[in-house]
There are 2 protein chains.
Amino acid sequence: MARMTTRTETSGRNAARSRPGRADRRTEALSREKIVAAAIGILDAEGESALTFRALAARLSTGAGALYWHVADKGELLAAASDDVLTRTFATLPQEADPASAIRTLALAMFDMIDRHPWVGTQFFREPWQLSMLRIVEGIGGPLQKLGVPDEALFDCGSALLNYILGVGGQNAANARLPTKIMEREPFLADVARRWKQLDPQQFPFVHRVADSLPGHNDRQQFVAGVDLILAGIEARYPAARNL
Amino acid sequence: MARMTTRTETSGRNAARSRPGRADRRTEALSREKIVAAAIGILDAEGESALTFRALAARLSTGAGALYWHVADKGELLAAASDDVLTRTFATLPQEADPASAIRTLALAMFDMIDRHPWVGTQFFREPWQLSMLRIVEGIGGPLQKLGVPDEALFDCGSALLNYILGVGGQNAANARLPTKIMEREPFLADVARRWKQLDPQQFPFVHRVADSLPGHNDRQQFVAGVDLILAGIEARYPAARNL
DNA sequence: ACCTGAACACCGTTCAAGT
DNA sequence: ACCTGAACACCGTTCAAGT
């Protein structure tokens with residue numbers, strides 16, 4: 001937004017005739033940050049497929065080529081956008097004394113972040129060596145150390161939690177691209193459940209059993225349940241007690 | 001391959017002049033299966049980005065538009081391709097009496113499948129309601145029932161395992177797209193480890209601790225370790241004993 | 001230094017026209 | 001019924017030309 005200059009709306013290309021020094025330039029210079037912010041805006045509002053260099057340029061009222069002066073390519077733009085969201089998420093993360101709750105808190109922060117910005121969920125799988133990825137790794141592994149997991153097991157335990165969190169993230173990103181956006185969640189899941197129950201109960205006993213809990217289930221709660229399950233496994237294997 | 005007809009190599013468009021009845025038609029009619037098979041060939045050999053309707057048509061020596069007679073769009077093509085791979089994977093899956101080993105075996109089969117066909121790893125996140133997805137769900141949930149997990153917990157436990165497996169799949173798919181293809185795995189990971197160790201040890205103690213085990217680590221073994229961790233958590237929570 | 005916008009080399013998809 | 005290939009409406013990216 002920021003100081004919207006009064007602008008006479010010539011519907012076509014805007015008044016190229018006038019030139020009062022520089023007052024007419026309604027964009028106060030492009031910048032990487034401004035581009036990333038606009039990209040996030042598009043991604044959040046219209047989804048990953050709507051982020052186009054042309055659309056982005058239009059939103060910033062500039063040419064598509066101008067963006068390349070500040071950003072190498074689309075991959076870097078996406079990476080920068082998700083890094084931005086991730087950084088902000090980490091900034092508001094409360095410090096937890098208890099290691100298990102620290103992991104739980106981090107995991108939930110990731111979940112909520114991807115819930116708000118689904119496109120971030122796919123980004124993890126694209127540039128796994130990024131610094132932002134490392135912050136998640138540390139946010140999981142640090143507490144694991146404090147939990148008393150032995151050195152040899154640290155890597156495996158950390159990777160298990162990380163992969164679980166990323167898996168849910170990717171899954172949620174996928175769900176956001178789906179009919180759910182058109183149809184309401186409840187009826188949609190009810191419909192899926194209905195189809196599940198039409199399968200051969202002999203061949204799909206579990207799917208049948210679980211179908212009824214599908215429409216009412218809470219993704220977020222199911223997500224933590226999984227984290228707790230992994231934590232329970234870690235504690236069972238490496239009993240260093242201290243946790244709720 | 002199949003009965004390669006002798007063909008005089010006119011380098012440009014191929015002899016449109018001759019018309020000996022129908023003997024010249026070197027493709028014995030298109031079909032959905034043939035298209036899917038060719039697509040898998042391209043995906044495996046050159047990666048997801050190489051699968052183009054034009055490239056596919058060229059490989060099948062037909063026009064791009066012809067493919068649309070047998071396949072609705074690219075999404076359906078990708079779905080059919082991964083369904084095909086998945087079906088073949090399930091077909092060779094050994095029956096396991098012990099529920100825990102059944103889960104472990106299925107998980108490893110998924111891992112190996114994605115190792116051979118990395119592009120399948122991303123597909124799960126795209127069409128989660130597919131029948132192939134349900135076969136995985138059942139393959140995990142069935143054994144969980146036999147393991148004695150109570151009904152209320154069945155859904156959460158199954159989803160935890162599923163999300164973990166999918167997460168690793170997505171991650172492996174991402175890794176396959178990376179410099180690893182150009183650089184060798186070992187030096188690449190050694191390089192990543194080196195950069196990890198350049199980070200502030202105060203801020204990234206875990207990353208530092210784990211860096212040295214990065215280059216030598218075995219993805220597959222780490223993957224099972226995670227599955228075992230989740231299984232350990234399930235057994236700790238719902239002790240129905242019977243397992244190795 | 002930074003921006004513009006046409007141009008290039010692609011895409012997926014459609015569709016009139018052929019057999 | 002099935003196939004062909006040009007055409008359409010897009011992409012990401014480059015680059016000469018401008019300021």
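Computed from a predicted structure; not experimentally measured. Hydrogens, waters and symmetry mates are skipped; everything else that's a heavy atom, side chains included, is used.
- Of the two residues near DNA chain D, B/R54 and A/A72, the one whose nearest nucleotide lies more 5' is B/R54.
- Atom CG of B/L67 and atom P of C/dT13 are 11 Å apart (whole Å).
- A donor-acceptor contact shorter than 3.5 Å is absent between the side chain of A/K34 and the backbone of A/L60.
- Regarding B/K34, its NZ atom lies at a distance of 13 Å from the P atom of D/dC2, rounded to whole Å.
- The distance between atom CD1 of B/I42 and atom P of C/dG12, rounded to the nearest whole Å, is 11 Å.
- The OH atom of A/Y68 sits 7 Å away from the P atom of D/dT14 (whole-angstrom rounding).
- Across the protein-nucleic acid pair, A/L56 atom CG and C/dG5 atom C1' stand 16 Å apart, rounded to whole Å.
- Side-chain polar atoms of A/R88 and A/T92 form no donor-acceptor pair below 3.5 angstrom.
- Taking atom NZ of residue A/K74 and atom P of nucleotide D/dT13, one finds them 8 Å apart after rounding to whole Å.
- Here C/dC11 presents its P atom at 17 Å from CG of B/D73, a figure rounded to the nearest Å.
- Here the side chain of B/H70 is nearest to one of D/dC3, C/dT13, D/dT13, namely D/dC3.
- Look at C/dA9: it lacks any Watson-Crick or wobble partner with both distances under 3.5 angstrom.
- With hydrogens and angles disregarded, no donor-acceptor distance shorter than 3.5 Å links the side chain of A/K74 to the backbone of A/T52.
- Among the heavy atoms of the strands lying under 4.0 Å from A/L51 are primed sugar atoms or P, OP1, OP2 only; no base atom is included.
- Taking the centre of each ring, A/Y164 and B/Y164 stay at or above the 6.0 Å mark.
- Shown here, C/dA16 forms a base pair with D/dT4; the pair counts as Watson-Crick or G-U wobble because both key distances fall under 3.5 Å.
- Comparing B/G65 and A/A66 by the nucleotide of DNA chain C that holds the closest heavy atom to each, the one mapping nearer the 5' end is A/A66.
- Nearest-nucleotide positions on DNA chain D place B/S31 closer to the 5' end than the other of A/T52 and B/S31.
- Rounding to whole angstrom units, CH2 of residue B/W69 and P of D/dA1 are separated by 6 Å.
- Side-chain polar atoms of B/T87 and B/R135 form a donor-acceptor pair below 3.5 angstrom.
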